[in-house]
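Every chain is numbered from 1, with letters handed out A, B, ... down the list of sequences. Because the structure is a prediction, the values reported are computed rather than measured.
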Amino acid sequence: MADNESATASTTDQEASKSTETKRWADVAEEEQDVAEASSTEPKLDSLAIDDSRLGHSTLTDPDDSSIEAVTSGDTPYTSAKRFEDLNLSPELLKGLYVEMKFEKPSKIQAISLPMILTPPNKNLIAQAHNGSGKTTCFVLGMLSRVDPKLTAPQALCICPTRELAIQNMEVLLKMGKFTGITSELAIPADPANYIPIQKRPPITAQVIIGTPGTICKWMLAKKLGMSQMKILVFDEADHMLAESGFRDDSVKIMKAIAKANFSCQVLLFSATFDDAVKAFVSKIVEEIFVRDYNQMFVKKEELSLESVKQYKVHCPDELSKIMVIKDRILELGEKVGQTIIFVRSRNSAAMLHKSLVSLGYEVTTIQGALKQEDRDKIIKEFKEGLTQVLISTDLLARGFDQKQVNLVVNFDLPVRYDRPTEPDYEVYLHRVGRAGRFGRKGAVFNLLCDDRDDLIMGKIEKYFNAQIAEVAPWNSEKEFEVALENAGLL
DNA sequence: AAAAAAC
């Protein structure tokens, strides 16, 4: 997550100095990216030390900042980690944190979650934290510190919803674990050119595996991925991985195989979104398979929207004018403020929008799951290197994708539930918004609406997050878009 | 509808 840091320093410093209003979790983000200024925003976490005199559930909330709530189960005492030295990490891992990641001390969510992850009996954990607050660094650190470097066998497994996210997480692991000598392997579909069937490969000996469910299952069923030494299993975007029908079966299959081979394996569920029903459902699955209690870390949904990202709605008279808004406003203004991701509902509308913009002479790239692996990799690489400015995407990139220069997100189509098209998909909405404003940076989101249904959906989203979404009107006013970006702190 | 995956 913290790669390319030096390349982005100029924009971020400027942004950091501009923010004067009340900041909550954004403080944490600045600690992660700007160690020099971190000392002034020392998080007050003493109150998070668990009161072990009480049995059963104890709830701990920081009086100064209630945005993150830790709930522990049982009587294991935990003390929040003020320094990485408090966590019994190896010197090699500490070096990775300080030298490679340029961390100075644990971020807030690390301070709360790492003691729960690392303290025996290494209970399971369901952890929710804001988009762009450093969940990845949390569970990567968790995996690296629980692996025994001397044992040549898979000991940590991380399951992600897309191959892009798996690759991104692996990059963080390699960086943080640079000096540890811990080995790792990506379990994602290879591009056909250098594809070796798993049956023809030797058993996996890498200590950390990060991948997507299908490939992991395939390796597992081929008996090439041993689970008997597995110490820690991480679900990134866990609500999605365990509640979404297409993912759930594979996820459960993997969990059961691990429980069978090594019952003491620890399970971590990480996401920015855990809808109450999903939370209950997901924790029940894990509890039933591993027959064990778990700790929790949560954020209230009202406090989940990113304060640093301004959200807008734009009423467009028809579909064509949505394309005009993109062309005349977003692309023109977007160029001045950073990179842009435009989210669409389907692969088809992605292709349609791509065609329209290209035929109008604009340079955009488009990513969706039907592309060849190598094309996907190329498009992501170009975007991450800043060679492309505007990326059209399906919800492939809605979750987890981390590119700090993305300041603008456009919802060309609002996210809706597939079975009930008048019902917003609140989680996807929040995740899309979270692609802008990484680590407390400024950002703006434009929701393009063009009929009553869109209005209805937008209204529901505002109500759900208890957020006011300002209107940019009229839709074709250059001035109003400029004002919007100014108010977002981007111009 | 989209995401993963497939021999």
Side-chain angles (χ1 to χ4, degrees), chain A residues 157-170 186-201 209-222 224-225 234-255 257 271-273 278 341-354 366-377 379-380 391-401 409 411-432 434-435 453-454 457:
Chain A
L157 176 62
C158 173
I159 310 178
C160 317
T162 62
R163 60 194 299 287
E164 282 69 21
L165 201 44
I167 292 169
Q168 185 177 285
N169 289 341
M170 182 56 88
L186 268 174
I188 58 173
D191 71 276
N194 34 26
Y195 172 70
I196 305 168
I198 186 67
Q199 289 83 358
K200 294 187 180 165
R201 294 182 46 181
I209 311 295
I210 301 180
T212 48
T215 304
I216 292 169
C217 272
K218 202 169 79 173
W219 291 10
M220 204 174 76
L221 294 175
K224 298 289 187 176
L225 178 57
V234 178
F235 284 99
D236 195 5
E237 307 298 343
D239 56 329
H240 200 224
M241 300 307 290
L242 288 167
E244 225 27 55
S245 59
F247 284 117
R248 191 182 48 227
D249 293 355
D250 280 348
S251 295
V252 168
K253 204 185 290 174
I254 295 166
M255 254 195 290
S271 182
T273 49
V278 170
I341 298 182
I342 303 173
F343 284 106
V344 295
R345 184 153 173 273
S346 68
R347 294 169 177 179
N348 277 342
S349 46
M352 181 274 297
L353 183 59
H354 183 97
T366 300
I367 187 165
Q368 39 103 339
L371 298 182
K372 281 184 291 183
Q373 321 287 13
E374 52 168 336
D375 292 340
R376 286 167 66 160
D377 291 347
I379 286 159
I380 293 295
L391 182 56
I392 299 170
S393 174
T394 57
D395 282 326
L396 174 70
L397 291 190
R399 286 173 176 261
F401 182 70
V409 164
N411 283 323
F412 189 81
D413 306 308
L414 290 174
V416 291
R417 303 236 182 258
Y418 84 103
D419 48 350
R420 277 185 297 165
T422 56
E423 204 42 38
D425 192 323
Y426 303 106
E427 284 71 37
V428 171
Y429 181 82
L430 196 82
H431 282 281
R432 285 181 179 184
R435 292 322 98 210
R453 201 198 61 147
D454 289 342
I457 294 165

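A distance-only check finds no donor-acceptor pair linking the side chain of R399(A) to the backbone of D236(A) [under 3.5 Å]. Using a distance-only test at 3.5 Å, with no hydrogens or angles considered, no donor-acceptor pair links the side chain of T394(A) to the main chain of Q368(A). Here the side chain of R435(A) pairs a donor or acceptor atom with the backbone of A398(A) at under 3.5 angstrom.
In the model, S271(A) has no side-chain atom that pairs as donor or acceptor with a side-chain atom of H240(A) under 3.5 Å.
A straight line from CD1 of I457(A) to P of dA1(B) spans 15 Å, rounded to a whole angstrom. Note: NE2 (H431(A)) to P (dA1(B)) measures 22 Å, nearest angstrom.
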In B/S/- notation, 5' to 3', how is nucleotides 2-7 of chain B contacted by protein heavy atoms closer than 4.0 Å?
BBBSSS

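The residue from I457(A), T273(A), V416(A), N411(A) that alone fulfils the side-chain contact (heavy atoms from CB on, under 4.5 Å) condition with Y429(A) is N411(A).
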